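See structure below.
Numbering of ligands and ligand atoms starts at 1, following listing order. Bear in mind the structure is a predicted one, so any value in this text is a computation, not a measurement.
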Amino acid sequence: MKLDRILSYAKILLTKAVSPGDIAVDATLGNGHDTVFLAGLVGDTGKVYGFDIQDTAVQAAKDRLTQHGLLARTELFNQGHENILEVIPANLRGKVTGAIFNLGYLPGSDKMIVTKADTTIAAIEQLLQLMAPEGIIVLVIYHGHPGGAEERDALLDYCQSLDQKTAHVLQYQFINQQNNPPFIVAIEKK
Ligand SMILES: C[S@@+](CC[C@H](N)C(=O)[O-])C[C@H]1O[C@@H](n2cnc3c(N)ncnc32)[C@H](O)[C@@H]1O
């Protein structure tokens, strides 16, 4: 298949946005796959801030980063991403070049612990204050689980209402696949 799959396309967007020395955010650590990817992009001189409300996820991400020798490039918080502004130092405002949200539940974990529209939107609003011009927020929207459709619809409403003078908003989605496949909404700050 020549078309980029959803997770590959998320990586392509992050690779365009994030360079060595930059600040990036993994808003949903889970098992830390995206954190490892972002830590590779920011290099030795950059930093990845990561958030998850499950301490088991934070520990799993820490273990994965340690295995890859990348833990020192990260600051991980067992807190909701809706606290991003409180946690990320004020002097980094305007310096975040890339962020990712992998929404829904953590595979292999409690399926009742899911991301929710109100906290996801609060985090995006805060991130938009922290992003550099041309910084990209990637939302990977899973919507097949209970509560997933509500989060999807609220996010689409919110993202469509973002002023085109302040952000470019893209939707990337396969439209003929069965079983509610995930799709991407990407927000590039102007
Ligand atoms: C789909 S998983 C993330 C998968 C992860 N990217 C990976 O590489 O394994 C979603 C994660 O979001 C977390 N989560 C739910 N609500 C959250 C919130 N308000 N802030 C931060 N993380 C949250 C869940 O605990 C879960 O680990």
Side-chain angles (χ1 to χ4, degrees), residues 5-15 17-18 23-42 47-68 70-71 73-88 96 98-130 136-155 158-159 172-173 179-187:
R5 293 177 194 279
I6 294 300
L7 296 183
S8 311
Y9 192 61
K11 288 185 172 172
I12 288 169
L13 291 171
L14 292 171
T15 304
V18 181
I23 306 296
V25 172
D26 185 350
T28 52
L29 284 168
N31 289 320
H33 297 279
D34 296 322
T35 334
V36 165
F37 183 72
L38 286 173
L41 293 179
V42 300
K47 191 68 88 186
V48 182
Y49 288 84
F51 298 83
D52 205 294
I53 53 171
Q54 297 190 68
D55 54 353
T56 47
V58 176
Q59 195 51 55
K62 244 179 212 168
D63 291 347
R64 189 173 303 279
L65 286 156
T66 303
Q67 280 162 21
H68 286 80
L70 294 171
L71 188 63
R73 299 180 185 185
T74 67
E75 300 272 354
L76 308 187
F77 297 92
N78 184 193
Q79 285 194 50
H81 41 228
E82 60 277 15
N83 300 308
I84 282 177
L85 264 190
E86 278 170 36
V87 168
I88 295 189
V96 177
I100 185 154
F101 291 73
N102 239 293
L103 301 176
Y105 62 86
L106 182 62
S109 172
D110 183 348
K111 291 189 180 169
M112 300 310 287
I113 303 176
V114 293
T115 52
K116 303 234 167 70
D118 55 347
T119 39
T120 304
I121 290 171
I124 297 169
E125 297 255 84
Q126 293 177 31
L127 260 175
L128 282 170
Q129 299 179 44
L130 294 170
I136 299 179
I137 303 170
V138 178
L139 310 174
V140 182
I141 302 180
Y142 290 82
H143 52 109
H145 57 281
E150 288 77 8
E151 185 179 28
R152 173 199 66 204
D153 293 346
L155 279 174
Y158 168 76
C159 291
Y172 183 79
Q173 179 170 24
N179 301 324
N180 307 307
F183 65 94
I184 284 175
V185 171
I187 304 167

Please tabulate, one line per pair, the protein N or O atoms found under 3.5 Å from any N or O atom of ligand 1, giving the distance to one decimal.
unit_1   : atom_1 : unit_2 : atom_2 : d
ligand 1 : 6 (N)  : Thr28  : O      : 3.2
ligand 1 : 6 (N)  : Asp34  : OD2    : 2.9
ligand 1 : 8 (O)  : His33  : N      : 3.1
ligand 1 : 9 (O)  : Asn31  : N      : 2.8
ligand 1 : 19 (N) : His81  : NE2    : 3.4
ligand 1 : 19 (N) : Glu82  : OE1    : 3.0
ligand 1 : 20 (N) : His81  : N      : 2.8
ligand 1 : 20 (N) : His81  : ND1    : 3.2
ligand 1 : 25 (O) : Asp52  : OD1    : 2.6
ligand 1 : 25 (O) : Gln54  : NE2    : 2.8
ligand 1 : 27 (O) : Asp52  : OD1    : 3.4
ligand 1 : 27 (O) : Asp52  : OD2    : 2.7

Listed by chain and number, what are the side-chain contact (heavy atoms from CB on, under 4.5 Å) partners of [X], not counting sequence neighbours?
| X | result |
| --- | --- |
| Ile12 | Asp4, Tyr9, Lys16 |
| Val114 | Tyr105, Lys116, His145 |
| Ala57 | Asp52, Gln54, Leu106 |

Original post:
Will you find, in the side chains of Tyr158 and Glu125, an N or O donor that is under 3.5 Å from an N or O acceptor?
Top reply: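 A pair is found: one side chain offers a donor N or O, the other an acceptor, under 3.5 Å apart.
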Original post:
Would you call Leu38 and Ile100 a side-chain contact if the rule is heavy atoms closer than 4.5 Å?
Top reply: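 In short, these two side chains touch, coming nearer than 4.5 Å.
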Original post:
Parallel, tilted or perpendicular: which fits the ring planes of Phe77 and Tyr49, with parallel below 30° and perpendicular above 60°?
Top reply: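 Rings of Phe77 and Tyr49: parallel, as their planes differ by under 30°.
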